[in-house]
Amino acid sequence: MAGTARYLRYILFAFVCIIVIFFISSSSSGPRQHLQSASDILKEQSSKWRGSDAQTPAKADAEKAGSAATAHVRPAAATPMSATTPNLKTSLPPPKADGSRMNATFVTLARNSDVWEIARSIRQVEDRFNKRYNYDWVFLNDAPFDDTFRKVTTALTSGNTRYGLIPEQHWSFPSFIDQERAAAVREDMRERKIIYGDSISYRHMCRYESGFFFRHPLMLEYEWYWRVEPSIELFCDIEYDTFRFMAENKKKYSFVLSLYEYVETIPTLWESVKGFIKEHPEHIVENNSMGFLSDDGGKSYNHCHFWSNFEIGNLDWLRSKAYVDYFDHLDHDGGFFYERWGDAPVHSIAAGLMLRKDELHFFNDIAYYHVPFTHCPTDEQVRLDNKCHCNPKDNFDWNGYSCTSRFFEINSMKKPEGWEKQQ
């Protein structure tokens, strides 16, 4: 019996060994195939989001030539003044909303040294909004962008990134400016400690944002823009397409913060505006927002303006004859250099006079920060619904130096419950 039991154990052990060997043999190709499939998926996703490392001959030629070509159907306008280079990402994932995108882009004016500040802004915009839509991003600079700037920004964005060089004539003193007079103004403002008062580059930036960014060849392809500055913060999720909202509701300009401009920087701006109104009355529309800009029917300027470091707007309006005539008039009056006119009051006055009140929009649900001001929705339910992390005590809307209350009043809008507690 003992021998029989021993034989049975041998047979059972041999049978188990055969089963184990069969299992290992039959499954040896399975894991390899699975790992290969996972690798392929990773490569595919990398190609979709960051662009393939391998360039097609056409793309390589385009980059060598500094071409402004993009993945869009319409080609960029050719120009001898501008050097532009695309960073194209192939097979971008479709928007997750309604399956289509507007003809829109983010636009940022930045220097190479701004790379880490703009990286923070991109991360905010992508996480809170653009990961759902994958809109393009246009970067503009008065000097060529370096490799670090390109690599960092391309890695962070979900849409195509495009890099444009600003033409020298758009970032320099125009021929009609008296250089000695302009230098004397800068010295006077330096002595009076007026913010950016002695800065030449700041004046070039304000003039460029006022009259030229929308005419850059890269921007000519688009109908809508969202301006993004370095070191901003978005506190709430944005679950809808803001560009589509603007189009479907016939809006042309929008804001999240408004305030009074420094009086010392624009002493003659309104006189220049009044000269434009007299010269071009045809450009001033009925039912405009003069009440936001003036307390006496247009005789004087109350200095209210929309803070233009955030704005979503219509590029066709900025490229219209009305706006270009307006900018040209202001430009030749010289206030960008003889004073220190900012693009914020320039844009705001144009929007207030040349657009109807119902074409302007306050994005209450886009909670936003740019040093030193914060827009945080007053309504608690808005903050909860949109996963906001801003402190409502920081909200600037109803502060005495804010002009948002005036915007509500001229548009007969009901202020949110609790606004009085934030004054």
Aromatic ring centroids of Phe129 and Tyr133 under 6.0 Å?
yes
Do Arg227's NZ or CZ and the ring of Phe106 fall within the cation-pi criteria of under 6.0 Å and 45°?
no
When you measure from the side chain of Asn130 to the backbone N and O of Asn134, does any donor-acceptor pair fall under 3.5 Å?
yes
Please check if atom CD in Glu187 has more than 12 non-hydrogen atoms from other residues, nucleotides or ligands closer than 6.0 Å.
yes
Please determine whether a side-chain nitrogen of the Lys or Arg among Asp188 and Arg192 lies less than 4.0 Å from a carboxylate oxygen of the Asp or Glu.
yes
Measure the acute angle between the ring planes of Trp317 and Tyr253, then classify it against the limits of 30° and 60° as parallel, tilted or perpendicular.
perpendicular
Just checking, is any N or O donor in the side chain of Ser100 or Arg244 under 3.5 Å from an acceptor N or O on the other one?
yes
Go through Val125 and Leu234 one step at a time and tell me if the side chain to side chain contact (heavy atoms under 4.5 Å, CB included) criterion holds.
CA-CA 7 Å; Val125 174; Leu234 296 181; 4.0 Å; yes
If only atom types and distance count, is the side chain of Asn141 paired as donor or acceptor with the main-chain N or O of Phe145 below 3.5 Å?
no
Have Tyr240 and Asp365 got a donor and an acceptor in their side chains that come within less than 3.5 Å?
yes
In this structure, is the centre-to-centre distance between the rings of His389 and Phe235 below 6.0 Å?
yes
Taking Ser402 for its side chain and Leu259 for its backbone only, find out whether a donor-acceptor pair lies under 3.5 Å.
no
Quick one: does Lys131's side chain have a donor or acceptor within less than 3.5 Å of a partner on Ser158's backbone?
no
Would you please classify the geometry between the His332 ring and the Phe176 ring as parallel, tilted or perpendicular, with 30° and 60° separating the classes?
parallel
For Ile177, is there any backbone N or O sitting under 3.5 Å from a side-chain donor or acceptor partner on Arg181?
no
Enter the distance from Ser121:OG to Arg123:CZ here, rounded to the nearest 0.5 Å.
12.0 Å
Heavy-atom closest pair, residues Arg383 and Pro377
NH1-O, 2.9 Å
Would you say Glu180 has more than 12 foreign heavy atoms packed within less than 6.0 Å of its CD?
no
If you compare all heavy atoms of Leu318 against all heavy atoms of Val324, which two are closest, and at what distance to 0.1 Å?
O-CG2, 3.9 Å
Give a yes or no on this: more than 12 heavy atoms of other residues, nucleotides or ligands lie within 6.0 Å of atom CZ of Arg111.
no
Would you say the side-chain atoms of Ser258 pair up with the backbone N or O of Thr404, donor to acceptor, closer than 3.5 Å?
yes
Has the side chain of His216 got a donor or acceptor atom that lies under 3.5 Å from a matching backbone atom of Leu218?
yes
In the structure I gave you, are the side-chain heavy atoms of Thr242 and Trp224 within less than 4.5 Å of one another anywhere?
no
Hey, what do you get for CG (Leu269) to CZ (Arg340), rounding to the nearest 0.5 Å?
11.5 Å
Could you tell me whether Arg406 and Asp295 make a salt bridge, using a distance below 4.0 angstrom between a side-chain N and a carboxylate O?
yes
Side chain to side chain donor-acceptor pair (under 3.5 Å), that's the test. Do Asp146 and Thr148 meet it? Break it down for me.
CA-CA 6 Å; Asp146 61 28; Thr148 298; 4.5 Å; no
Under the salt bridge (Lys or Arg N to Asp or Glu O under 4.0 Å) criterion, do Arg162 and Asp136 qualify, and how do the steps go?
CA-CA 8 Å; Arg162 312 179 69 190; Asp136 291 353; 5.0 Å; no
Parallel, tilted or perpendicular: which describes the rings of Phe255 and Phe407, with under 30° parallel and over 60° perpendicular?
perpendicular
Pair Phe408 + Trp419: ring centers closer than 6.0 Å
no
Heavy-atom closest contact (His347 atom, Ser210 atom, distance)
NE2-CA, 3.7 Å
Take the angle between the ring planes of Phe363 and His361 and call it parallel below 30°, perpendicular above 60°, tilted in between.
perpendicular
Has the side chain of Tyr135 got a donor or acceptor atom that lies under 3.5 Å from a matching backbone atom of Met102?
yes
To the nearest 0.5 Å, what is the distance between CG (Asn314) and OG (Ser320)?
9.0 Å
Step-by-step side chain to side chain donor-acceptor pair (under 3.5 Å) determination, Gln422 to Thr378
CA-CA 8 Å; Gln422 296 182 348; Thr378 304; 3.1 Å; yes
Tyr196 OH: over 12 foreign heavy atoms closer than 6.0 Å
no
For the residue pair His170 and Tyr208, does the interplanar ring angle fall in the parallel (under 30°), tilted (30 to 60°) or perpendicular (over 60°) class?
tilted
Do Glu229 and His370 get their side chains close enough for a donor-acceptor pair, meaning under 3.5 Å?
no
Intermediate values then yes/no, ring pair (Phe, Tyr, Trp, His ring centres under 6.0 Å), Phe310 and Trp226
CA-CA 7 Å; Phe310 170 98; Trp226 179 334; 5.7 Å; yes
Can you confirm whether more than 12 heavy atoms, excluding those of Tyr262, are under 6.0 Å from its OH atom?
no
If you measure SG to SG, does Cys388 sit under 2.5 Å from Cys376?
no
Take atom CD in Glu417; do more than 12 heavy atoms of anything else shown fall under 6.0 Å from it?
no
Between Lys151 and Asp147, does any NZ, NE, NH1 or NH2 come within less than 4.0 Å of an OD or OE carboxylate oxygen?
no
Give the intermediate values and the outcome of side chain to side chain contact (heavy atoms under 4.5 Å, CB included) for residues Tyr338 and Asp178.
CA-CA 9 Å; Tyr338 299 146; Asp178 182 335; 3.4 Å; yes
Should Ser272 and Trp341 be marked as a side chain to side chain contact (heavy atoms under 4.5 Å, CB included) after you check the CA-CA gap, both sets of side-chain angles, and the distance that decides it?
CA-CA 11 Å; Ser272 182; Trp341 294 353; 3.7 Å; yes
Here the gap from Tyr225 atom OH to Glu311 atom CD, rounded to the nearest 0.5 Å, amounts to 3.5 Å
With a 3.5 Å distance limit and no angle check, can you tell me whether Asn411 reaches the backbone of Met413 through a side-chain donor-acceptor pair?
no
Return yes if some donor-acceptor pair links the side-chain N/O of Glu339 with the main-chain N/O of Thr268 below 3.5 Å, else return no.
yes
Donor-acceptor side-chain pairing of Glu209 and His204 below 3.5 angstrom
no
Applying disulfide (SG to SG under 2.5 Å) to Cys403 and Cys304, what does each step give before you reach the verdict?
CA-CA 6 Å; Cys403 293; Cys304 276; 2.1 Å; yes
Working to the nearest 0.5 Å, report the span between CG of Asp358 and OG of Ser289.
9.0 Å
Determine whether the side chains of Asn309 and Tyr368 contain a donor N or O and an acceptor N or O closer than 3.5 Å.
yes
Candidate pair Ile195 and Tyr202, rule side chain to side chain contact (heavy atoms under 4.5 Å, CB included), full reasoning:
CA-CA 10 Å; Ile195 186 170; Tyr202 190 83; over 6 Å; no
What closest approach, in Å, do Phe362 and Asp397 show between heavy atoms, and which atom pair accounts for it?
CZ-OD2, 3.8 Å
NZ of Lys250: more than 12 outside heavy atoms within 6.0 angstrom?
no
So, are Lys415 and Glu409 salt-bridged, with charged N and O less than 4.0 Å apart?
yes
